[in-house]
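Step one of this worksheet: look at the structure below.
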Amino acid sequence: MEKIIVRGGNRLNGTVKVEGAKNAVLPIITATLLASDGKSILNDVPALSDVFTIGEVLRHLNAEVDFETNRVVVDASRELETDAPFEYVRKMRASVLVMGSLLARTGKARVALPGGCAIGSRPIDQHLKGFEAMGAKVTVGNGFIYAEVEGRLQGAKIYLDFPSVGATENIMMAATLAEGTTIIENVAKEPEIVDLANFLNAMGAKVRGAGTGTIRIEGVNKLYGAEHSIIPDRVEAGTFMVAAAITGGDVLVRGAVSEHLSSLIAKMEEMGVKIIEEGDGLRVIGPEKLKPVDIKTMPHPGFPTDMQSQMMALLLAAEGTSMITETVFENRFMHVEEFRRMNADIKIEGRSVIINGPSKLQGAEVAATDLRAAAALTLAGLVADGYTRVTELKHLDRGYVNFHQKLAGLGADIERVNDKTHQVEISQQVSDVNM
Ligand SMILES: CC(=O)N[C@H]1[C@@H](OP(=O)(O)OP(=O)(O)OC[C@H]2O[C@@H](n3ccc(=O)[nH]c3=O)[C@H](O)[C@@H]2O)O[C@H](CO)[C@@H](O)[C@@H]1O
Ligand SMILES: C=C(OP(=O)(O)O)C(=O)O
């Protein structure tokens, strides 16, 4: 089994550079399916397991996908398959994002039902409501969602019950090739939505209003391959900002965009962390003592749920009582039990967690319950007494490239080992001694 082993106590110093955003590249790769003419070239693509998985999905759908270093080239001009089976959707929920593009381009899509995951049940009713409003017939059965439209999708007025990121993206992509104008209200305003809209417009689409509460899409007849550079990953940036703050360090996070991180910056500053815009990034200086704060996760520009567990690690080190309330996902507190194994004074009350800091954290073996929990437990390990071992790293690899190497580059005492290799090394040392 692979593990990250981190020994707490080192202050982090230096510079770290963030990759392209996972949550921008995944929908943008699915959008390349809309181009019936020309190749799409995506730059600043992070080498994440999720990116390779979505690449496999596209290949299965008969697109040509070439991975180069930090770049993906997609040619989707051939006739497309319309079926995304469970083996892909099971690995990665974002596979359902192929639905909007397939439906718009081919008139049908069959995608395995994604099912629940460690952070909640995550239904996709709002995506389907949008496709139906545009004239698609949607049926669910035998573990699949099947959507079909006779002729072209029709422009429609759609109100989302909740500003779902995925539903906004899927409906936006479907609407680009629809007949007439689509207006989507109460949409997600995340920076990744704006990035997707910019790519779609580069392909020849007419999308206006991304980043506001209403998006208007005028359908066009055809879309073309385009070149685009993915925005930096605000969650990876935020994770390194917390790493600097929790260790009382001084780190320049290159690629951190302050407008994408305003809620996190506000909360970290309330805690006493110094954050300065410097060059193409943010310099983060941790104080001697951190102050407690209350946090409520919300859709953007509210505090992001994807930073909730990393912030929990930081609040464990603050002096006093803090509260985190999770409003986006119904069950995103699985990491609380793991923090407890590290001696954290923390308890769940309904949709909130009460944190009594500062906890005298102790190194322990802990299991990552999702990708952000993997990062958060490592962050706690940076200040725990002794060695922390973080397992279930398949989650980490979905969202972070070279995570432990980047922390080591900042001065953390950290390594990633494979138990088997480790055992071989240890037995080798023993036999060396015996010789
Ligand atoms: C690949 C990607 O970009 N993932 C991000 C995306 O996930 P994702 O797009 O899945 O998140 P959504 O915004 O859709 O989900 C937010 C909430 O809405 C609910 N919901 C959503 C759709 C729907 O049809 N019905 C419904 O009830 C979900 O169960 C959840 O409770 O946004 C989340 C919220 O910022 C982030 O945590 C994820 O990292
Ligand atoms: C929950 C996340 O991603 P996904 O929607 O891909 O599971 C995340 O990035 O924290």
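Residue numbers run from 1 in the order of the sequence given. Bear in mind the structure is a predicted one, so any value in this text is a computation, not a measurement. Whatever order the structure lists ligands and atoms in, that order sets their numbers, starting from 1.
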message = Can a side-chain donor-acceptor contact be found between S164 and Q126 if the only test is distance below 3.5 angstrom?
response =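 No, S164 and Q126 have no side-chain donor paired with an acceptor closer than 3.5 Å.
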query = Can E326 and T305 be counted as having a side-chain donor-acceptor contact under 3.5 angstrom?
reply =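 Result is yes, a qualifying pair exists.
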message = Could you work out, with side-chain hydrogen bond (donor to acceptor under 3.5 Å, both in side chains) as the rule, every residue matching R341, not counting sequence neighbours?
response =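 Here no residue qualifies.
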If you measure every N or O of [X] against every N or O of ligand 1, does any of those distances drop under 3.5 Å?
X: V328; answer: yes
X: P123; answer: yes
X: N23; answer: yes
X: V165; answer: yes
X: G166; answer: yes
X: Q126; answer: yes
X: R122; answer: yes
X: D306; answer: yes

Please list, one pair per line, the donor and acceptor atoms closer than 3.5 Å that link side chains of residues 198-210 to other protein atoms, with sequence neighbours excluded.
| residue | atom | partner | partner atom | Å |
| --- | --- | --- | --- | --- |
| N198 | ND2 | V194 | O | 3.4 |
| N201 | OD1 | V207 | N | 2.9 |
| N201 | ND2 | A197 | O | 3.4 |
| N201 | ND2 | V207 | O | 3.0 |

Heavy-atom check, side chain of [X] versus side chain of [Y], under 4.5 Å:
X: L361; Y: L316; value: yes
X: M268; Y: V284; value: yes
X: V149; Y: F131; value: no
X: L223; Y: R105; value: no
X: S359; Y: I346; value: no

inquiry  = Any heavy atom of M307 closer to ligand 1 than 4.0 angstrom?
reply    =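 The answer is no, since M307 has no heavy atom less than 4.0 Å from ligand 1.
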key: Between CE on residue M312 and CD on residue Q308, distance to nearest 0.5 Å   =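 Those atoms lie 4.0 Å apart.
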ask   = How many angstroms lie between atom CD1 of I5 and atom CZ of R416, to the nearest 0.5 angstrom?
value =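 Result: 11.5 Å between the selected atoms.
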ask   = What pairs meet the side chain to side chain donor-acceptor pair (under 3.5 Å) rule with one or both residues in residues 231-244, with sequence neighbours excluded?
value = E192-R234, E236-K406, T239-Q310, T239-Y400
query = Can you pull the residues with any heavy atom under 4.0 Å from ligand 2?
reply = K22, N23, I119, R122, D306, R332, L371, R372, R398
request  = Anything under 30° is parallel, anything over 60° is perpendicular, the rest tilted; go ahead and classify F52 against F67.
outcome  =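 Taking F67 first and then F52, their aromatic rings stand perpendicular (interplane angle over 60°).
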query = Which ligand 1 atoms are under 4.0 Å away from a heavy-atom of R332?
reply =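 Every atom of ligand 1 under 4.0 Å from some heavy atom of R332: 37 (O).
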Proximal ligand 1 atoms for H127, defined as those under 4.0 Å from one of its heavy atoms =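 Checking each atom against H127, I get 24 (O).
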Could you identify the single nearest non-hydrogen protein atom to [atom] and state the distance to 0.1 Å?
atom: atom 16 (C) of ligand 1; answer: F162 CE2, 3.5 Å
atom: atom 25 (N) of ligand 1; answer: D125 OD1, 2.8 Å
atom: atom 11 (O) of ligand 1; answer: F329 CZ, 4.1 Å
atom: atom 14 (O) of ligand 1; answer: S164 OG, 2.6 Å

